[in-house]
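Heads up: the structure comes next, in structure tokens.
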Amino acid sequence: MSLTVKVPTVGESINEVTVSQWTKKDGDYVELDEIICELESDKATFEVAAESAGVIHIKAKEGETLEIGGVLCEIDESQAKSEESSTEATVEEAKPTGEVLEMHVPAVGESINEVTISQWTKKEGDVVELDEVIAEIESDKATFDLTAEASGVLRIIASEGDTLEIGSLICKIEVAEGVVKSEATTPAPPSTSSGGSTSYAAGHASPAASKIMSEKGVSANSIQGTGKGGRITKEDALRAEKPAPPSANKQEASKTELAPPVIDQGVSRAQKREKMSSLRKTISKRLVSVKNETAMLTTFNEVNMKPIMDIRKKYKEAFKEKHEIGLGFMSFFTKACCMALQDWPAVNAMIDGEEIVYNDYCDVSIAVSTPKGLVVPVIRNAEELSFDQVEKEIIRLATKARDGKLSIEEMTGGTFTITNGGVFGSMLSTPIINAPQSAILGMHNIVERPMVENGEIVIRPIMYVALSYDHRIIDGRESVSFLVRVKQLLEDPTRLLLGV
């Protein structure tokens, strides 16, 4: 008896897919749920698993485009072996109850309507325990762990890369009692008449191993994987040696012909493709939206940082001893911006439909670079905080951002943003507004430059500052005056204490 495997439904708006790669050859023996091929759509890549055990007969070639429901292959079930996998044995020992629990996408925040399946940490048919992490899901603001709501056998409904609305069905669990987590050891597939087949995992590297191999310039073909099914592990990659350069004894080129240059050292021309995360895609959409939907302009000024640097040098030890935190530049800029925002409230306002919303408080967003992208946690009522409170709040939020532990509430509701490109060496930039806010201040690196003071040329540590603003709500007079006010407060920090 043969089972026909067809192109599955992979998304509401996807009508056709392309067979990008077969991981098994025609005539190979496959196990139930073993990956047999990869499909590509215009939005994502999907893996197709065998729906039964047996010998595979391929019907669609690599590169062929098929509609949803098109025939991929047939599996001859009459040649299926009787051996049971350890997973099945585990399920039998776990005493299935017959109950099937449906798991739906949980609500992860008030403003989040959909999430993307970033990664399944468990495979189809795996035995999972209650509260065990089975997948990672991404929203446009944060990443969350999805945990099993019961013990039993996992049945995956949504594939990696799928975008689902809150409440959508994501997987099912065949509930079982007495689940004991154990190492699953699936017997090796039997050899076939074509001379035997290797596991799909053989020669494939884990993500950590791939990164190490790329850095060392090592090919997967030169490494014998010791992981399950021959997969190349991180330890395999660490042990691998960089290939020796090719021999210099090459045949001499003809005197009448120019030979191409010979590159003896390990130079790679490999390319690497990575799928954009939900966070990165959302950042892209919002930045383009701001550029298209606002009348954004940028005004510049320069700040003599010597007064602030002198204060930090004089009081940094006493400040740290008393408050147990260092005195940085961000607290000075945050306090200066808060005072300037109160003098020029339009810079602290935002447009809502046909109305302008003015805020009598300053919720300052601080741009933080993380491995997954840029996030902007918010310092609430920054105008009421002292210097040490601002510094502590910045450290707390930046640490949570880099650890990926920021809550939705900590990233929403800001009225003005400060971004510091100077930490990366930026001399000058035009920062993009953080919608729906109307302005953003850009800080840059500090460089000693010649200045004229009292008719004399002196060397001073100078920082260029930039204010990008929405001209629909903020006029040139307000934007320039705001930046001049910030400059005055920073060049004479006593004003911050006296409020003048």
Can you confirm whether Tyr361 sits close enough to Thr415 that some side-chain heavy atom of one is under 4.5 Å from a side-chain heavy atom of the other? yes
Run the side-chain contact (heavy atoms from CB on, under 4.5 Å) test on Thr419 and Met443 for me, step by step, so that the C-alpha distance in whole Å, both residues' side-chain angles and the decisive distance to 0.1 Å come before the verdict. CA-CA 6 Å; Thr419 179; Met443 299 167 57; over 6 Å; no
I'd like to check Met103 versus Ile134 (side-chain heavy atoms, cut-off strictly below 4.5 Å). Are they in contact? yes
For residues 56-70, please give each side-chain donor-acceptor pair under 3.5 Å, one per line with the distance, not counting sequence neighbours.
residue: Glu62; atom: OE2; partner: Trp22; partner atom: N; Å: 2.9
residue: Glu64; atom: OE1; partner: Lys61; partner atom: N; Å: 3.0
residue: Thr65; atom: OG1; partner: Thr18; partner atom: OG1; Å: 3.2

The test is side-chain contact (heavy atoms from CB on, under 4.5 Å); show your working for Ile166 and Val115 and say whether it passes. CA-CA 7 Å; Ile166 301 301; Val115 298; 4.3 Å; yes
Heavy-atom count check: over 12 atoms from other residues, nucleotides or ligands less than 6.0 Å from Lys6 NZ? no
Can Leu406 and Val375 be said to form a side-chain contact (heavy atoms from CB on, under 4.5 Å), step by step? CA-CA 9 Å; Leu406 282 173; Val375 295; 4.1 Å; yes
Could you state the interatomic distance from CG (Asp470) to CE (Met350), rounded to the nearest 0.5 Å? 11.5 Å
Contacts of Pro106 that satisfy side chain to side chain contact (heavy atoms under 4.5 Å, CB included) - sequence neighbours left out: Val108, Ile137, Leu146
By salt bridge (Lys or Arg N to Asp or Glu O under 4.0 Å) - contacts of Arg396 (at least two apart): Glu393, Glu410
Which residues satisfy the side-chain hydrogen bond (donor to acceptor under 3.5 Å, both in side chains) test with Glu274, sequence neighbours excluded? Lys272
Do Glu383 and Asn381 have side-chain heavy atoms sitting under 4.5 Å apart? yes
Return the minimal non-hydrogen interatomic distance between Ala382 and Val364, and the atom names on each side. CB-CG2, 3.8 Å
Is there side-chain contact between Leu39 and Leu72, with at least one heavy-atom pair below 4.5 Å? yes
Test Ile173 against every option in Val128, Val153, Leu130 by the side-chain contact (heavy atoms from CB on, under 4.5 Å) rule and name the one that passes. Val128
Modelled atom types, side-chain donor and acceptor of Ser2 and Glu74, under 3.5 Å: no
Do you see a donor-acceptor pair shorter than 3.5 Å between the side chains of Ser331 and Glu391? yes
Close side-chain approach of Ile379 and Ile394, heavy atoms under 4.5 Å: yes
For Cys171 against Leu169, the heavy-atom pair lying closest together: O-CD1, 3.6 Å
Not counting sequence neighbours, which residues clear side-chain hydrogen bond (donor to acceptor under 3.5 Å, both in side chains) with Gln437? List them please. Ser365, Thr417
Would you please name every residue forming a side-chain hydrogen bond (donor to acceptor under 3.5 Å, both in side chains) with Gln389, sequence neighbours left out? Ser386
Gap separating the CZ atom of Arg380 from the CG atom of Leu397, nearest 0.5 angstrom: 9.5 Å
Working to the nearest 0.5 angstrom, can you tell me the gap between Arg472 CZ and Ser438 OG? 7.5 Å
Using a 4.5 Å cut-off on heavy atoms from C-beta on, say whether the side chain of Asn348 contacts that of Cys362. yes
Can you see which heavy atom on Ile440 is nearest to which on Phe416, and at what distance? N-CE1, 4.2 Å
Point-to-point distance, once rounded to the nearest 0.5 Å, from CE of Met330 to CD1 of Ile366: 3.5 Å
Arg155: what forms a salt bridge (Lys or Arg N to Asp or Glu O under 4.0 Å) with it, not counting sequence neighbours? Glu124, Glu174
Looking at residues at least two apart in the chain, or sitting in another chain, which of them share a side chain to side chain contact (heavy atoms under 4.5 Å, CB included) with Glu99? Thr97, Val175
Do Trp120 and Ile170 have side-chain heavy atoms sitting under 4.5 Å apart? yes
Filter on ring-ring contact (aromatic ring centres under 6.0 Å, His included), then keep only pairs touching residues 388-410, sequence neighbours left out; what's left? none
Might you point out which heavy atoms bring Glu51 and Thr4 nearest each other, and give the distance in Å? OE1-O, 4.4 Å
Is there a side-chain contact between Thr121 and Glu132, using heavy atoms and a 4.5 Å cut-off? no
State, to 0.1 Å, how close Ile117 and Ser159 come at their nearest heavy-atom pair, and which atoms those are. CB-O, 3.5 Å
Check whether more than 12 heavy atoms from other residues, nucleotides or ligands sit under 6.0 Å from atom NZ of Lys172, and answer yes or no. no
For Cys73 and Ile36 the tightest heavy-atom approach is SG-CD1, 3.9 Å
Residue pairs involving residues 148-169 (criterion ring-ring contact (aromatic ring centres under 6.0 Å, His included); sequence neighbours excluded): none
Of all residues at least two apart in sequence or in a different chain, which pass the side chain to side chain contact (heavy atoms under 4.5 Å, CB included) check with Asp403? Thr399, Lys405
Of all residues at least two apart in sequence or in a different chain, which pass the side-chain hydrogen bond (donor to acceptor under 3.5 Å, both in side chains) check with Thr294? none
Apply side-chain contact (heavy atoms from CB on, under 4.5 Å) to the pair Asp33 and Lys123, showing each step before the final yes or no. CA-CA 9 Å; Asp33 295 329; Lys123 300 189 296 295; over 6 Å; no
